[in-house]
Protein chains: 2
Amino acid sequence: MNLRERKKRRTRDALLRAALELFATRGYEETTVDDIAAAVDVSQRTFFRYFAGKEETAFYVPRLAETQVVEAVRARPPGEAPLEALRRAVLESWDRINETIEEIVPVELHMRVYRVIESTPALLAAHLRRAAELEEELARIIAEREGLDVDADPRPRIVVALFGGVIRVTERLWSAGDDLTLEGMRQLTATYLDQVGPALAGNWRTEQSP
Amino acid sequence: MNLRERKKRRTRDALLRAALELFATRGYEETTVDDIAAAVDVSQRTFFRYFAGKEETAFYVPRLAETQVVEAVRARPPGEAPLEALRRAVLESWDRINETIEEIVPVELHMRVYRVIESTPALLAAHLRRAAELEEELARIIAEREGLDVDADPRPRIVVALFGGVIRVTERLWSAGDDLTLEGMRQLTATYLDQVGPALAGNWRTEQSP
DNA sequence: AGGCTAATGACAGTCACTGACAATTGACAA
DNA sequence: TTGTCAATTGTCAGTGACTGTCATTAGCCT
């Protein structure tokens with residue numbers, strides 16, 4: 001990797017870190033692209049040559065995490081039931097995700113940015129749209145595992161929708177609480193996934209929830 | 001209602017219709033606020049006095065539909081199981097929604113705009129964010145029905161997430177297909193909701209889906 | 001060293017949106 | 001009916017995200 005490439009990577013990383021730092025401290029809406037560019041001492045135009053938009057910087061790290069999850073699902077043994085495969089895939093990949101993140105930015109910074117995403121309307125919207133795309137991808141994977149046609153059989157999409165819904169609920173609860181650790185999120189997710197069975201079966205009024 | 005009020009309503013309706021017509025024919029991104037204002041012959045500033053933003057016009061009608069659904073859920077007899085109550089509420093309220101829409105714009109126009117929403121990234125994102133808010137509201141209603149505390153018991157949110165997920169899947173399938181009627185959407189939703197049970201129980205590989 | 005190409009900066013323009021102020025217009029009492 | 005008051009609107013100027021263009025700079029390769 002020659003000087004040119006190294007310089008490019010450095011500028012991109014610097015822009016990314018500057019952006020995330022600003023988002024986490026000052027807030028997303030309160031940070032202008034000019035602020036980010038100025039912090040790295042490049043022109044605004046250069047920022048837009050590295051990132052398609054302000055949003056892209058906020059979602060750079062989350063994208064890495066997504067990739068891990070999708071791959072983890074692909075790697076699950078075909079014998080597992082769909083919901084079980086999804087469950088194990090997320091929990092397992094979250095165990096490994098710390099290192100992936102730390103290569104780019106401090107995990108603690110990422111966690112603060114994650115909260116900003118959940119609490120900034122524009123970012124939350126973008127996040128949910130991306131989640132929908134991911135669900136489509138996962139539905140295809142699940143359908144393939146089970147030897148079904150996604151477009152003919154609704155079941156893969158339904159299970160994935162349930163799963164995605166639970167994940168999103170835990171994300172929101174986590175970001176609203178005060179335990180910002182990755183471990184806290186993992187824990188919350190596991191608890192909620194455990195509740196899927198009880199939530200769908202039996203009579204709620206006669207059965208307590210743990 | 002005096003002249004002043006009548007005039008206001010007329011301008012607002014005209015702006016709304018002009019916007020939706022433009023979105024449906026030319027596309028959302030291809031329509032500028034200036035275009036909409038010009039079509040009604042008012043200043044751009046006036047547009048922003050009636051609508052908080054361009055998006056708001058696109059979501060005006062959907063908001064009415066949401067309200068109907070939420071009220072329909074509230075009106076369900078307490079004896080019904082949560083998922084059953086939600087199911088009946090949507091299907092039933094969609095039967096009545098035609099008239100509500102027609103008071104504002106032709107239903108056919110609304111259907112075309114709905115497709116634009118599903119196919120325009122920025123609008124889809126906003127739509128999904130709103131859907132998340134709605135789910136939160138529904139979760140609270142369900143929890144109340146069952147005499148539970150939403151913040152302590154995960155089950156209401158899980159059921160609502162499942163339900164919302166199924167609705168969103170059908171919305172996307174519907175908007176990708178070529179039956180743009182409300183009836184077609186109702187039908188698709190009913191079919192998918194019927195599949196929730198089969199999707200979550202049993203072994204897919206040994207059971208065909210209708 | 002010098003020519004080639006990629007990266008950058010500077011500049012101008014578009015579009016969504018906002019604040020401020022002046023002009024207009026309906027409402028309502030005298 | 002008229003005059004006053006308040007609401008509605010238009011105009012203008014400005015911000016912030018983004019894009020296209022073109023000249024300049026800087027690494028690369030012979």
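Scope of the values below: all heavy atoms of this structure, side chains included, with no hydrogens, waters or symmetry mates. Letters A, B, ... mirror the listed sequences (proteins, then strands); counts begin at 1.
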message: Output the rounded distance in Å from CD (A/Gln44) to C1' (D/dA17).
response: 7 Å
statement: Rounded to whole Å, the CG-C1' distance (A/Leu3 to C/dA6) equals 13 Å
query: For the residue pair B/His127 and B/Phe59, does the interplanar ring angle fall in the parallel (under 30°), tilted (30 to 60°) or perpendicular (over 60°) class?
result: parallel
Between P of D/dA13 and CZ of B/Phe48, the distance in whole Å: 19 Å
task: To the nearest Å, give me how far apart CG (B/Asp41) and P (D/dT8) are.
output: 19 Å
- line: Ranking A/Arg49 and A/Asp34 by the position along DNA chain D of their nearest nucleotide, the one closer to 5' is A/Asp34
query: Of B/Asn2 and B/Tyr28, whose closest DNA chain C nucleotide lies nearer the 5' terminus?
result: B/Tyr28
message: Distance check needed: C/dC17 P versus B/Asp35 CG, whole Å only.
response: 14 Å
message: Under a 4.0 Å threshold between the charged nitrogen and the carboxylate oxygen, would A/Arg112 count as salt-bridged to A/Glu21?
response: yes
task: Write down the distance between CZ (A/Arg4) and P (C/dA6), rounded to a whole number of angstrom.
output: 7 Å
query: So A/Phe51 and A/Phe47, would you call those rings parallel, tilted or perpendicular, with 30° and 60° as cut-offs?
result: tilted
message: Any base atoms under 4.0 Å from B/Phe47, or only sugar-phosphate, or nothing? Heavy atoms, all strands.
response: nothing
message: Strictly distance-based, threshold 3.5 Å: is any side-chain N or O of B/Thr11 a donor or acceptor partner for the main-chain N or O of B/Lys7?
response: yes
message: Counting only side-chain heavy atoms from C-beta out, which of C/dT18, C/dT25, C/dG9 sits nearest to B/Lys7?
response: C/dT25
- prompt: Of all the choices, C/dG9, D/dC18, C/dA7, which nucleotide is nearest to the side chain of A/Tyr50 once you look at every atom?
  reply: C/dA7
message: Taking any heavy-atom pair under 4.0 Å as a contact, classify A/Phe51: base, sugar-phosphate, or nothing.
response: nothing
query: What nucleotide, of C/dG9, D/dA17, D/dT9, holds the atom closest to the side chain of B/Thr11?
result: D/dT9
- request: Keeping the roles fixed (side chain from B/Arg140, backbone from B/Val150), state whether a donor-acceptor pair exists under 3.5 Å.
  value: no
- prompt: Hey, does B/Ser43 reach any base, or is it just sugar-phosphate, or nothing, if we go heavy atoms under 4.0 Å?
  reply: base
task: Grab the CZ-P distance between A/Arg12 and C/dA7 for me, whole Å please.
output: 13 Å
message: Of the options C/dT8, D/dT9, C/dC17, whose atoms approach the side-chain atoms of B/Thr46 most closely?
response: D/dT9
- request: Check the distance between D/dT15's P and A/Glu30's CD and give it to me in whole angstrom.
  value: 17 Å
query: Taking for each residue the nucleotide of DNA chain C bearing the nearest heavy atom, is the 5' side occupied by B/Arg45 or by B/Glu5?
result: B/Arg45
query: Under 4.0 Å: is that the gap between some side-chain N or O of A/Lys54 and OP1 or OP2 of D/dG16?
result: no
